[in-house]
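First comes the structure, then the notes that go with it.
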Amino acid sequence: MSGAGSSTPEPWAPEASSGGAPREALPVGAPAPGTSDSPAAPRTGRPAPVRPAARAGLRTRAARAAGAAAGAASRLLGRGAGEVVAGRVVLRLAPRAVHELAGERVAAVVSATNGKTTTTRLLTAALAAGAGAPRAVVSNGGGANMRAGIVTALTSGPGDAVLEVDEMHLAGLLPELAPRVVLLMNLSRDQLDRTAETRQLAAGWRTALAGLGAAGGRGVVVANADDPLVVWAASSAPRVVWVSVGASWTADARSCPRCEQLLTLPGDPDDEREATAAVEAAPAGAVPGDAAPSGGWRCRSCGLARPTPSLVLEGDVAREVGAPAGAAPTARGAVPLGPGGHPVRLALPGQANRRNAVMAAAAAGELGVGLGAALAAMADVGDVAGRYAWLRAEGVRFWLLLAKNPAGWVENFDVMGASDRPLVLAINAQGADGRDTSWIYDVPFERLVGRRVVVAGERAADLSLRLVVAGVEHERVPGLRDALRAARTLGAPGSGPERGGPPAEEVDVVGNYTAFQQLRAVAAAEAAR
């Protein structure tokens, strides 16, 4: 796959606006803010070079030993996995530790709003299998994706590193990590009281990615061609491999990130492109947040458009594109596909995870693992840091899913499919979740009409009101254990809407971040009895 779909920065020539005068690109705006754990994106607008450091110095090596001891103590005392505390000790003693420990070993970083942890796990599996011979790979697979967790991963053993990086911190960390591959999947709203506006995040990415070619920098970007924010950000990099996997959420990318005019999607009333292939219309009864019809997107004002991908996901088949590198897409973004294809068969459920797998496989291709071999290595990956795990508590076996924002909830609706099991929805608003829950009004909960639903968590009242608006009948209970008991009494699949019949043995549960962790703790405590 190397070289396919490559591009130079900003490959789309500006077009005349509807008024006849060319539009100027808007300023990128303020960079994403920094935190105590990670630096901000460059404020000068000049990208920092992304290049590896020399081997770790004596100070960093000593700090690594101290961090390992702190992490071991944390685990011994039952305070947690020790990933964050170990990293914080290292950074306190050696502030340059990220750059020095990264050295030549960071194979890839993965960033997005949704799917980072799963995609990191899939890419790690592909690289560990290697091209015919296993190779050592370290990763922050538990989801500790800021500076402290990244340092801990880099001190965890020898081998290449595959690192999940929080989307808000990617721009600041990229120059220090100097990865060979940067994998970018999506950008959407998340934690409204903490995370920058999506275009602001994309602007920070854009500045940092330009550093991949600055002053001897290195690296290739593997990017989702179906997300306009990702495309605009990635197009500043000297080399990009575009992958088309589709998008289940489009509400945060309806305006052009370059000129802020509305984008045109296939089937839109103002889509005047010549139709050379059938275009799927929006389905009857579609609600905001439904997946966009297949095909390309473009801005009629400035000319930003979906680039030609080198790899395409069609249902459950990944196909390499037969067009030569740099070829323009045909009308509506259609591309000629190569013969055959590779089936995407996973233990992980849903189309969202097939998207994650194909993005990971494209990144693995840039690191020497073929598409078929990479997908085969991912096939048996199941539980990812508790996601999709089957757990047991309060006399019921429950399937635990994580959803933190509108895009994540939509993906989980796809994952659950036509399940008729009772459903528990749990939502908190702690610091790790974001305290602003207004985003729940953008989630198409109307899809749950007809399901037997129980609502719990610290902000259960907020979610209950949203379900009333959506016309979803439900029961609200005070605690998570109460919710599992209430769901069990709703009856087994096929019991109908009225109570009665045999109690449910299995339940679906969706929680946001802290509710998800609390549910894991409930199950762990019961298993330890």
Side-chain angles (χ1 to χ4, degrees), residues 110-123 143 145 164 167 183-191 195 198 224 226-230 243-254 283 286-294 313-316 344 346-360 378 381-389 399-419 421 423-427 433-434 439-448 451 453 463 466 470 508-513 515-516 519:
V110 178
S111 198
T113 302
N114 291 298
K116 297 184 292 294
T117 302
T118 300
T119 304
T120 299
R121 177 70 183 86
L122 293 169
L123 179 54
N145 58 20
E164 173 187 342
E167 68 275 19
L183 177 54
L184 306 176
M185 301 184 298
N186 54 71
L187 272 177
S188 65
R189 281 168 292 161
D190 187 49
Q191 299 185 20
T195 304
T198 52
N224 182 4
D226 295 313
D227 189 312
L229 287 161
V230 169
V243 183
S244 174
V245 293
S248 59
W249 177 261
T250 61
D252 294 321
R254 284 295 303 191
V287 296
D290 277 345
S294 58
L313 174 63
E314 290 188 322
D316 60 357
V344 185
L346 303 173
L348 296 173
Q351 188 67 11
N353 283 315
R354 285 189 280 273
R355 293 188 187 106
N356 295 336
V358 171
M359 293 296 301
M378 301 172 193
V381 174
D383 174 5
V384 179
R387 295 156 176 81
Y388 317 110
W399 191 35
L400 184 57
L401 306 176
L402 174 67
K404 304 178 290 183
N405 49 51
W409 282 90
V410 168
E411 288 179 352
N412 276 307
F413 293 152
D414 163 57
V415 166
M416 288 187 290
S419 171
R421 293 185 288 264
L423 172 63
V424 174
L425 306 179
I427 183 170
D433 305 303
W439 53 265
I440 63 176
Y441 282 86
D442 290 328
V443 179
F445 285 110
E446 289 79 2
R447 297 184 187 182
L448 299 180
R451 285 203 67 171
V453 177
L463 185 53
R466 173 66 184 95
D508 295 335
V509 180
V510 184
N512 69 347
Y513 185 75
F516 175 88
L519 285 156

Exercise. What's the verdict on side chain to side chain contact (heavy atoms under 4.5 Å, CB included) for Asn224 and Val243, showing C-alpha distance, side-chain angles and the deciding distance?
Worked result: CA-CA 5 Å; Asn224 182 4; Val243 183; 5.9 Å; no
Nearest 0.5 Å please: distance from the [atom1] atom of [X] over to the [atom2] atom of [Y].
X: Thr198; Y: Asp190; atom1: OG1; atom2: CG; answer: 11.0 Å
X: Met359; Y: Leu183; atom1: CE; atom2: CG; answer: 4.5 Å
X: Asp508; Y: Leu401; atom1: CG; atom2: CG; answer: 6.5 Å
X: Leu187; Y: Glu167; atom1: CG; atom2: CD; answer: 7.0 Å
X: Asp316; Y: Leu346; atom1: CG; atom2: CG; answer: 9.5 Å
X: Ile427; Y: Leu463; atom1: CD1; atom2: CG; answer: 5.5 Å

Got a donor-acceptor contact below 3.5 angstrom from the [X] side chain to the [Y] backbone?
X: Asn512; Y: Ala403; value: no
X: Arg466; Y: Asp442; value: no
X: Arg451; Y: Arg421; value: yes

For this session: List for me each residue that meets side chain to side chain donor-acceptor pair (under 3.5 Å) alongside Asn353, sequence neighbours excluded, and say none if there are none.
Result: Asn356, Tyr388
Which atom pair, heavy atoms only, marks the closest approach of [X] to [Y]?
X: Ser188; Y: Asp252; answer: CB-OD2, 3.2 Å
X: Gly511; Y: Ala515; answer: CA-CB, 4.3 Å
X: Arg189; Y: Trp249; answer: NH2-CZ2, 3.2 Å
X: Asp226; Y: Gly246; answer: OD2-N, 2.7 Å
X: Glu164; Y: Thr117; answer: OE1-OG1, 2.8 Å
X: Trp399; Y: Met416; answer: CZ3-CA, 4.4 Å

Table please: side-chain donor-acceptor pairs of residues 407-414 below 3.5 Å, with sequence neighbours left out.
residue	atom	partner	partner atom	Å
Asn412	ND2	Leu402	O	2.7
Asn412	ND2	Gly408	O	3.2
Asp414	OD2	Gln351	N	2.9

For this session: For Asn405 and Asn114, test the side chains for any donor-to-acceptor distance below 3.5 angstrom and give the result as yes or no.
Result: yes
Problem set entry | Test side chain to side chain contact (heavy atoms under 4.5 Å, CB included) applied to Met185 and Arg355, step by step | CA-CA 9 Å; Met185 301 184 298; Arg355 293 188 187 106; over 6 Å; no
For this session: Determine, step by step, whether Leu448 and Leu425 satisfy the side chain to side chain contact (heavy atoms under 4.5 Å, CB included) criterion, reporting the C-alpha distance in whole Å, the side-chain angles of both residues, the deciding distance to 0.1 Å, and the verdict.
Result: CA-CA 11 Å; Leu448 299 180; Leu425 306 179; 3.9 Å; yes
Exercise. Side chains of Lys404 and Asp433: does their closest heavy-atom pair fall under 4.5 Å?
Worked result: no
Exercise. Under 4.5 Å between any side-chain heavy atoms of Val424 and Val510, yes or no?
Worked result: no
Problem set entry | Audit row: Leu348, Val384, side chain to side chain contact (heavy atoms under 4.5 Å, CB included) steps and yes/no | CA-CA 9 Å; Leu348 296 173; Val384 179; 4.1 Å; yes
